[in-house]
Amino acid sequence: MIRTIALIDVNNFYVSCERAFNPRLKHQPVVVLSNNDGCVISRSNEAKALGIKMGEPWFRCQAIAKQYGIQALSSNYALYADMSNRVMAILADFSPQQEVYSIDECFLDLTGFEKKDLLVYGKSMRERILKWTGLPVCVGMGSTKTQAKLANNIAKKNIKFNSICNLYKVVDEEKNHLFRAMEVGEVWGVGRRLTLKLKAHGINTVLDLKQANPTYLRREFGVVMEKTVHELNGTLCIELEEVTPPRKQILSSRSFGYSVRDYQSLAASITLYMSRAAEKLRSQGSLANLIQVYIRTSPFKLDQAQYSNSMTIPLATPSDDTRQLVKVALLALKEIYRPRYNYAKAGVSLSDIIPKSSIQFDFFASPENSSRSTALMTIMDKINVKMGRESIKLASEGFDRPWQMKQGSKSPNYTTSWKDILSAQA
DNA sequence: TATCGTATCACAC
DNA sequence: CTAACGGTGTGATACGATA
């Protein structure tokens with residue numbers, strides 16, 4: 001059966017979230033910055049029009065920002081995550097099959113809906129989300145995920161589509177016209193490197209790729225590209241994934257607000273990051289077998305001595321106990337730490353992850369210890385959910401943290417903090 | 001010869 | 001005022017080691 005897949009995506013998501021609560025930002029050039037107020041990661045249309053590039057380091061935009069009064073905000077993930085949940089909940093009402101693909105996008109399976117009704121259906125999604133959350137979305141529809149993505153892209157860029165593009169409704173002649181006008185890099189799965197390579201093979205536009213020979217593409221570019229072309233032509237190769245599978249790797253890393261030289265600060269940061277990673281691990285009911293710790297100086301400071309190192313340590317028995325994971329992580333840190341470098345970033349990773357239900361005790365492990373550990377971690381997690389993050393924590397996470405990342409202009413947590421709501425009113 | 005482990009690449013957002 | 005460049009995650013592929 002021919003399927004119908006929709007992709008719904010919030011326009012300029014982070015900026016739109018900020019605008020929903022601060023109308024003064026509307027019709028203005030606005031950007032949201034990455035952690036540490038480093039790079040531009042979301043732009044209003046006005047900011048895009050001024051030539052601000054995605055991923056541009058913010059300090060490089062100072063001149064133009066001053067000239068045009070571009071407003072920059074630190075990222076407020078608590079706000080974005082909460083808004084995301086609202087959008088996803090609304091969209092879940094439009095189909096029983098939903099794949100939450102990212103913080104601001106989801107696929108819906110609309111197979112079986114009358115093709116002629118799809119535009120109206122998409123329009124009602126857009127209207128409801130706008131009314132209930134204040135966020136603008138675009139909707140793209142086709143017979144595969146790749147087509148839905150492409151349709152969404154078309155809806156975003158061509159005003160005549162009014163934010164909804166149903167590829168079924170676009171006649172072949174116009175489709176060819178649209179696809180010929182789009183760069184091959186616009187296709188989902190075709191990034192910078194592949195764009196270059198494809199162009200070297202004479203494939204420049206979406207239409208070129210759609211018409212290319214799949215067997216030839218597989219030989220020259222690999223399976224992924226072959227699937228992409230089949231999907232472009234309406235043959236489904238990438239299924240909707242409704243249940244998010246447990247993470248196979250959990251990472252927690254952060255750049256420092258100011259460079260760090262001493263072991264103590266690094267140890268505190270590693271403890272902090274590992275605590276976060278362990279929380280994520282427990283929240284998905286898993287155990288990790290492998291720990292990685294890394295530290296590095298700033299690769300951008302060419303005049304300074306560079307050092308980057310990591311260490312991977314396998315655990316004797318899989319664990320989700322923050323205390324144990326931190327202990328091992330600090331052993332690794334001790335091994336790789338070298339004095340007299342300006343460290344810019346540190347991080348940890350948990351991998352070789354297994355479900356907790358499948359735990360096998362080794363010869364020396366004690367089930368009693370394990371259940372005590374679980375009880376402690378569970379209560380810690382509960383306290384932190386109820387009373388707020390870090391209400392209870394390991395002392396080695398540190399208290400004042402002068403190295404913590406910069407967040408110079410974060411908006412209030414409008415939807416998740418009573419304190420912030422009150423101060424936002426004042 | 002098939003499989004494994006690991007590093008590297010490429011991509012998405 | 002300074003100096004200043006994100007974070008998380010997946011899958012494919014390459015390649016030497018291992019069973």
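Residue numbers begin at 1 in each chain, while the letters A, B, ... track the order of the sequences.
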- Message: Under 4.0 Å, heavy atoms only, any strand: does Glu56(A) hit a base, just the sugar-phosphate, or nothing?
- Response: nothing
- Nearest-angstrom distance from the residue atom CG of Asn289(A) to C1' of dC4(B): 16 Å
- Message: Applying a 4.0 Å non-hydrogen cut-off, can you work out what Phe13(A) is touching in the nucleic acid: base, sugar-phosphate, or nothing?
- Response: nothing
- chain A footprint on DNA chain C, 5' to 3' - any atom under 4.0 Å from a heavy atom: dA4(C) to dT13(C)
- Message: Taking any heavy-atom pair under 4.0 Å as a contact, classify Asp104(A): base, sugar-phosphate, or nothing.
- Response: sugar-phosphate
- Between Ser253(A) and Arg218(A), whichever has its closest DNA chain C nucleotide further toward 5' is Ser253(A)
- Item | Ion pair check, Glu46(A) and Lys26(A), cut-off under 4.0 Å | no
- Task: State whether the number of non-hydrogen atoms from other residues, nucleotides or ligands found under 6.0 Å of Tyr216(A) atom OH is greater than 12.
- Result: yes
- Neighbours of DNA chain C within residues 66-91 of chain A, by heavy-atom distance under 4.0 Å: none
- Map Gly55(A) and Arg254(A) onto DNA chain C by nearest heavy atom, then report which one ends up closer to the 5' terminus. Gly55(A)
- Where does the angle between the aromatic ring planes of Tyr273(A) and Phe256(A) fall among parallel (under 30°), tilted (30 to 60°) and perpendicular (over 60°)? parallel
- Query: Which of residues 198-206 of chain A have a heavy atom under 4.0 Å from DNA chain C?
  - Reply: none
- Does atom NE2 of His27(A) have more than 12 heavy-atom neighbours from other groups under 6.0 Å away? no
- Query: Among Lys48(A), Arg43(A), Arg19(A), Lys156(A), which residue meets the side-chain hydrogen bond (donor to acceptor under 3.5 Å, both in side chains) test with Asn12(A)?
  - Reply: Lys48(A)
- Query: Does the ring of Tyr77(A) carry Lys410(A) above it, NZ/CZ under 6.0 angstrom from centre and within 45° of its axis?
  - Reply: no
- Does atom CZ of Arg389(A) have more than 12 heavy-atom neighbours, drawn from other residues, nucleotides or ligands, at distances under 6.0 Å? no
- Taking 4.0 angstrom as the limit, do Glu99(A) and Lys145(A) come out as a salt bridge? yes
- Task: Identify whether the distance between the nearest side-chain nitrogen and carboxylate oxygen of Glu18(A) and Arg24(A) falls below 4.0 Å.
- Result: no
So which protein nitrogen or oxygen atoms get under 3.5 Å of nucleotides 5-10 of chain B's nitrogens or oxygens?
unit_1  : atom_1 : unit_2    : atom_2 : d
dA10(B) : OP2    : Arg193(A) : NH1    : 3.2

- Using only heavy-atom distances, determine whether the side chains of Asn342(A) and Arg261(A) contain a donor-acceptor pair under 3.5 Å. yes
- Looking across every strand, which nucleic acid part, if any, lies under 4.0 Å from Val32(A) by heavy atom: base, sugar-phosphate, or nothing? nothing
- Have a look at Trp188(A) and say if it touches a base, only the backbone sugar-phosphate, or nothing, with a 4.0 Å heavy-atom cut-off. sugar-phosphate
- Item | Contact residues, residues 236-251 of chain A to DNA chain C [heavy atom, < 4.0 Å] | Arg247(A), Lys248(A), Gln249(A), Ile250(A), Leu251(A)
- Fit a plane to each ring of Tyr307(A) and Tyr343(A), take the angle between them on a 0 to 90° scale, and name the class: parallel (under 30°), tilted (30 to 60°) or perpendicular (over 60°). perpendicular
- Within residues 325-347 of chain A, those residues having any heavy atom closer than 4.0 Å to DNA chain C are Lys345(A)
- Donor-acceptor pair between Thr378(A) and Asp381(A) side chains, under 3.5 angstrom: no
- Task: Taking atom NZ of Lys197(A) as the centre, report whether more than 12 heavy atoms of other residues, nucleotides or ligands fall under 6.0 Å from it.
- Result: yes
- Can you tell me if Asp37(A) uses its side chain to pair, donor with acceptor, with the backbone of Gly408(A) under 3.5 Å? yes
- Message: Counting only heavy atoms not in Glu183(A) (residues, nucleotides, ligands), do more than 12 fall under 6.0 Å from its CD?
- Response: no
- Count the heavy atoms belonging to other residues, nucleotides or ligands that lie under 6.0 Å from CZ of Arg193(A), then report whether that count exceeds 12. no
- Query: Thinking salt bridges, do Lys393(A) and Glu279(A) make one under a 4.0 Å N-O criterion?
  - Reply: no
- Query: Salt bridge between Glu127(A) and Lys123(A), side-chain N to carboxylate O under 4.0 Å?
  - Reply: yes
